[in-house]
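Note that the coordinates shown come from a computational prediction; the quantities given were computed from them, not determined experimentally. All heavy atoms count here, side chains included; hydrogens, waters and symmetry mates do not. Positions are given from 1, in the same order as the sequence printed here.
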Amino acid sequence: MAASRYRRFLRLCEEWPVEEAKRQRDLGAFLRQRVAQAFREGENTPISDPEACDQMYESLVRIHTNFYKNKYPRLKDTTFTGVTVEDCRIILATDILKQMEDMKKGTWKRLREKFSARKPEEDSK
């Protein structure tokens, strides 16, 4: 049975999209990493709790197929602020979040980082 569970998880990983805009924070990439860790020996990996494994798989399938989005459709595709799904994707992209973090820094700190030969971590020591 471990072989069939392994194949199901592999098929789910193949179907799950990877968002390049969310480097190091993408659910698809995290899922692939966890499946590789859980099934280190491939189809020969012993599964200690088959019921929990099946529940995890079913939960991931529901997320992947938008089960609850389809079960409970929304009247509008915006939030109370008027932000659309596409706007949220753009805002949550890794590059944009990094730019926002840079904007939060004060002018003095940005100048010091720009012209300093030392790293900012060394200043705090």
Where do Pro46 and Glu41 come nearest, in terms of heavy atoms and distance? CD-OE1, 4.0 Å
Answer whether the closest heavy-atom distance between the side chains of Pro17 and His64 falls below 4.5 Å. yes
Minimum side-chain heavy-atom gap Ile47-Tyr6 below 4.5 Å: no
To check you understand the geometry: which heavy-atom pair defines the closest contact between Arg32 and Glu14, and what is its length? NH2-O, 4.4 Å
Does Glu51 have more than 12 heavy atoms from other residues, nucleotides or ligands lying within 6.0 Å of its CD? no
Given the rule in the side-chain hydrogen bond (donor to acceptor under 3.5 Å, both in side chains) test, do Arg62 and Ser59 qualify, once you have shown the distances and angles that lead to the verdict? CA-CA 5 Å; Arg62 283 192 298 270; Ser59 296; 3.3 Å; yes
Enter the distance from Glu15:CD to Leu10:CG here, rounded to the nearest 0.5 Å. 11.5 Å
Measure across Cys53 and Phe39 and return the closest heavy-atom pair with its distance rounded to 0.1 Å. SG-CZ, 4.4 Å
Parallel, tilted or perpendicular: which one describes the rings of Tyr57 and Phe9, with boundaries at 30° and 60°? perpendicular
Going from CZ on Arg34 to CG on Leu27, what distance comes out if it is rounded to the nearest 0.5 angstrom? 11.5 Å
Establish whether Val61 and Phe67 are linked, either directly or via other cluster members, by ILVMFWY side-chain heavy-atom contacts under 4.5 Å. no
For Asn70 against Thr65, the heavy-atom pair lying closest together: ND2-O, 3.5 Å
Distance-minimising heavy-atom pair for Asp54 and Arg5: OD1-NE, 2.8 Å
Heavy-atom closest contact (Thr45 atom, Ala38 atom, distance): CG2-O, 3.4 Å
